[in-house]
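Position 1 is the first residue of the sequence; numbering continues from there.
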Amino acid sequence: MNVTSGIESGFDIKDIRQHFPILQRQVKGKPLIYFDNAATSQKPQIVLDALSNYYGHYNANIHRGIHTLAEEATAAFEETRDAIRDFIHAGHREEIIFTKGTTESINLVAYTWGRANIQDGDEILISNMEHHSNIVPWQILCKEKNALLKIIPVNDEGELDMEAYKKLISHKTKLVSVVHVSNALGTINPVKDIIRLAHQAGAVVLIDGAQSAVHLDIDVAEMDCDFFAFSMHKLFGPTGVGILYGKKDILENMPPFMGGGEMIKEVHFDKTTYASLPYKFEAGTPNIADVNACKAALVFIDKIGKENLRQHENELLAYATRELKKIDGLHIIGNAKHKVSVISFIVDKIHPQDLGILLDNSGIAVRTGHHCTQPLMQRFGIPGTVRASFSVYNTTEEIDTFVLALKKAIKMLA
Ligand code: PMP
């Protein structure tokens with residue numbers, strides 16, 4: 001399927017905003033200001049068009065059909081796989097597995113690779129800034145296998161303590177699973193160093209790229225991670241599509257995840273053989289419409305250019321950080337040297353949720369709470385934060401409106 005973005009060349013914020021119909025809507029009588037991009041991004045028109053084009057023109061189940069519609073749907077599905085492979089610079093298309101999100105991607109590794117490779121007394125290393133989806137699957141696995149989950153600490157700035165990491169890693173470490181970019185703090189972790197040290201100790205590495213894939217250039221081959229997981233809904237794509245990248249030789253040696261149609265070669269009551277990669281891990285009818293629309297999201301990103309996107313987001317981050325620091329009693333949680341456009345903060349004596357409600361009354365969507373990182377909140381001794389996260393379509397004018405509304409809310413609640 002040919003998809004064109006319609007995006008003008010060069011970085012034109014007005015043009016970019018026009019591609020997002022939702023930005024035209026009002027919330028509580030005010031123009032929507034959407035600062036919850038770390039939770040999910042909004043979708044450009046080409047992604048919406050790709051969804052309706054699939055259902056309106058070539059809706060069919062894939063891989064099994066020989067009729068025209070099935071062939072078209074299959075071709076579009078497999079083209080998205082190729083586009084994802086290019087996007088993260090994987091060596092082989094078989095290394096790209098479609099799941100329903102980062103959560104399922106991590107669970108797939110825990111339930112297949114984990115159960116086949118983790119034994120009594122082994123250690124799994126994660127960090128104190130992990131999302132629950134990169135904690136709980138390993139807790140379940142460790143409990144089942146009598147293995148040990150060890151935690152890399154986080155310093156006061158919200159960065160990983162790399163010296164502590166070096167001490168934690170040993171020949172007992174079988175897996176290191178860390179987040180590339182923290183959803184709660186915005187910290188960019190030094191994953192290349194983490195991976196190199198883990199490999200020296202003989203451990204396998206999973207990188208949770210849920211927050212990094214949209215902001216950073218991802219090159220899994222250069223990074224040398226064994227697994228990389230992310231969700232397309234944070235990259236202007238539809239919900240319900242996740243990616244698991246895995247090195248081919250590791251995936252080939254893993255047992256399947258779910259059993260059913262699509263993932264088999266032959267089924268007999270006395271013996272079943274499995275399909276080759278990547279289909280071994282894609283049981284059942286996949287999320288065809290949403291996967292196919294993901295290609296449009298990648299075309300959109302490509303047309304803007306990651307470098308332009310990052311530059312714009314970094315400008316917003318610097319501007320917002322400067323403005324928020326001027327507010328008395330406001331403390332930014334997470335001041336890492338290397339950050340993406342995420343700002344978490346607390347305000348003395350005010351509950352984050354109360355601020356969130358008042359901001360919503362001004363049409364401003366921010367996230368409040370623990371951001372599925374309760375152990376990180378415990379580390380900082382707080383119940384949660386207010387989190388503003390910026391995307392390519394946000395503006396400094398929106399930040400001005402946000403800061404004004406925030407000051408007003410603080411005054412009301414103080
Ligand atoms: N890891 C991180 C760092 C995240 O930010 C998220 C989503 N908030 C996830 C994992 C889980 O992603 P999903 O809900 O799309 O499976």
Side-chain angles (χ1 to χ4, degrees), residues 1-25 34 37 39-62 69-90 93 96-102 209-210 212-218 230-245 278 282 285-310 312-313 391-394:
M1 295 290 125
N2 262 341
V3 193
T4 48
S5 70
I7 293 271
E8 315 239 321
S9 296
F11 190 88
D12 179 349
I13 184 74
K14 258 202 191 136
D15 175 53
I16 285 170
R17 286 181 66 82
Q18 276 170 13
H19 287 270
F20 292 84
I22 206 167
L23 298 180
Q24 304 304 318
R25 76 159 280 185
Y34 187 76
N37 294 286
T40 197
S41 66
Q42 296 302 345
K43 319 302 171 200
Q45 187 63 48
I46 51 162
V47 170
L48 308 182
D49 290 347
L51 281 171
S52 84
N53 185 38
Y54 168 75
Y55 284 121
H57 290 96
Y58 66 104
N59 170 44
N61 211 331
I62 56 169
L69 263 52
E71 279 177 2
E72 286 178 9
T74 304
F77 189 88
E78 294 303 329
E79 276 172 26
T80 301
R81 199 187 305 275
D82 289 331
I84 301 272
R85 182 203 54 202
D86 292 348
F87 184 71
I88 63 169
H89 298 95
R93 66 189 316 279
I96 307 298
I97 293 160
F98 287 114
T99 64
K100 72 177 163 68
T102 308
S212 62
V214 71
H215 303 288
L216 310 180
D217 294 321
I218 306 297
F230 63 106
S231 304
M232 285 305 296
H233 69 88
K234 294 181 199 279
L235 292 94
F236 312 112
T239 51
V241 181
I243 308 298
L244 174 67
Y245 157 82
E282 293 180 356
T285 300
N287 187 353
I288 307 165
D290 292 315
V291 165
N292 291 1
C294 283
K295 172 131 182 257
L298 296 179
V299 168
F300 177 81
I301 293 173
D302 190 52
K303 191 71 193 176
I304 291 175
K306 274 257 182 99
E307 191 55 48
N308 289 330
L309 183 140
R310 225 169 10 244
H312 179 70
E313 290 175 348
S391 184
V392 68
Y393 39 71
N394 292 128

Atom of [X], atom of [Y] and distance for their closest heavy-atom approach:
{"X": "Leu309", "Y": "Val214", "answer": "CD2-O, 3.4 Å"}
{"X": "Ile46", "Y": "Ala296", "answer": "CD1-O, 3.1 Å"}
{"X": "Ala60", "Y": "Ile288", "answer": "O-CD1, 3.5 Å"}
{"X": "Asn292", "Y": "Ala73", "answer": "ND2-O, 3.6 Å"}
{"X": "Ile218", "Y": "Ser212", "answer": "CD1-OG, 3.8 Å"}
{"X": "Asn61", "Y": "Ala70", "answer": "O-CB, 3.6 Å"}

Contacts satisfying salt bridge (Lys or Arg N to Asp or Glu O under 4.0 Å) that involve residues 16-25 (not counting sequence neighbours) are Arg17-Glu398
Does the distance from a Lys or Arg side-chain N to an Asp or Glu carboxylate O, for Glu282 and Arg81, drop under 4.0 Å?
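Salt bridge: yes.
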Measuring only between side-chain heavy atoms, which start at C-beta, is [X] closer than 4.5 Å to [Y]?
{"X": "His57", "Y": "Glu72", "answer": "no"}
{"X": "Asp290", "Y": "Tyr54", "answer": "no"}
{"X": "Tyr34", "Y": "Thr40", "answer": "yes"}
{"X": "Ser41", "Y": "Tyr393", "answer": "yes"}
{"X": "His312", "Y": "Ile13", "answer": "yes"}
{"X": "Ser231", "Y": "Val241", "answer": "no"}
{"X": "Phe20", "Y": "Gln45", "answer": "no"}
{"X": "Ile88", "Y": "Ile96", "answer": "yes"}

Once rounded to the nearest 0.5 Å, what's the spacing between atom [atom1] of [X] and atom [atom2] of [Y]?
{"X": "Leu23", "Y": "Ile16", "atom1": "CG", "atom2": "CD1", "answer": "11.0 Å"}
{"X": "Leu298", "Y": "Ile84", "atom1": "CG", "atom2": "CD1", "answer": "5.0 Å"}
{"X": "Lys295", "Y": "Asp302", "atom1": "NZ", "atom2": "CG", "answer": "11.0 Å"}
{"X": "His215", "Y": "Lys234", "atom1": "NE2", "atom2": "NZ", "answer": "9.5 Å"}
{"X": "Arg85", "Y": "Thr80", "atom1": "CZ", "atom2": "OG1", "answer": "12.5 Å"}
{"X": "Arg93", "Y": "Asp82", "atom1": "CZ", "atom2": "CG", "answer": "4.0 Å"}

Within the distance-only criterion (no hydrogens, no angle test), does the side chain of Asn308 pair as donor or acceptor with the backbone N or O of Ile304 below 3.5 angstrom?
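Between the backbone of Ile304 and the side chain of Asn308 there is a qualifying donor-acceptor contact (under 3.5 Å).
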Using modelled atom types only, decide if a donor and an acceptor are shared between the side chain of Lys43 and the backbone of Ala297 within a distance under 3.5 Å.
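Not at all, since once roles are kept as given, no pair shorter than 3.5 Å links the two residues.
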Go through the steps for Asn394 and Asn37 under the test side-chain hydrogen bond (donor to acceptor under 3.5 Å, both in side chains), then give the verdict.
CA-CA 10 Å; Asn394 292 128; Asn37 294 286; 3.1 Å; yes
Applying side-chain contact (heavy atoms from CB on, under 4.5 Å) to Leu244 and Phe98, what does each step give before you reach the verdict?
CA-CA 6 Å; Leu244 174 67; Phe98 287 114; over 6 Å; no
Report the residues that fulfil salt bridge (Lys or Arg N to Asp or Glu O under 4.0 Å) with Glu313, sequence neighbours left out, ordered by chain and then residue number.
none
How are the rings of Phe230 and Phe87 set to each other: parallel, tilted or perpendicular (split at 30° and 60°)?
tilted
Parallel, tilted or perpendicular, judged at 30° and 60°: which one describes the rings of Phe300 and Phe236?
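Perpendicular.
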Set of side-chain contact (heavy atoms from CB on, under 4.5 Å) partners for Asp217, sequence neighbours left out
Lys306, Arg310
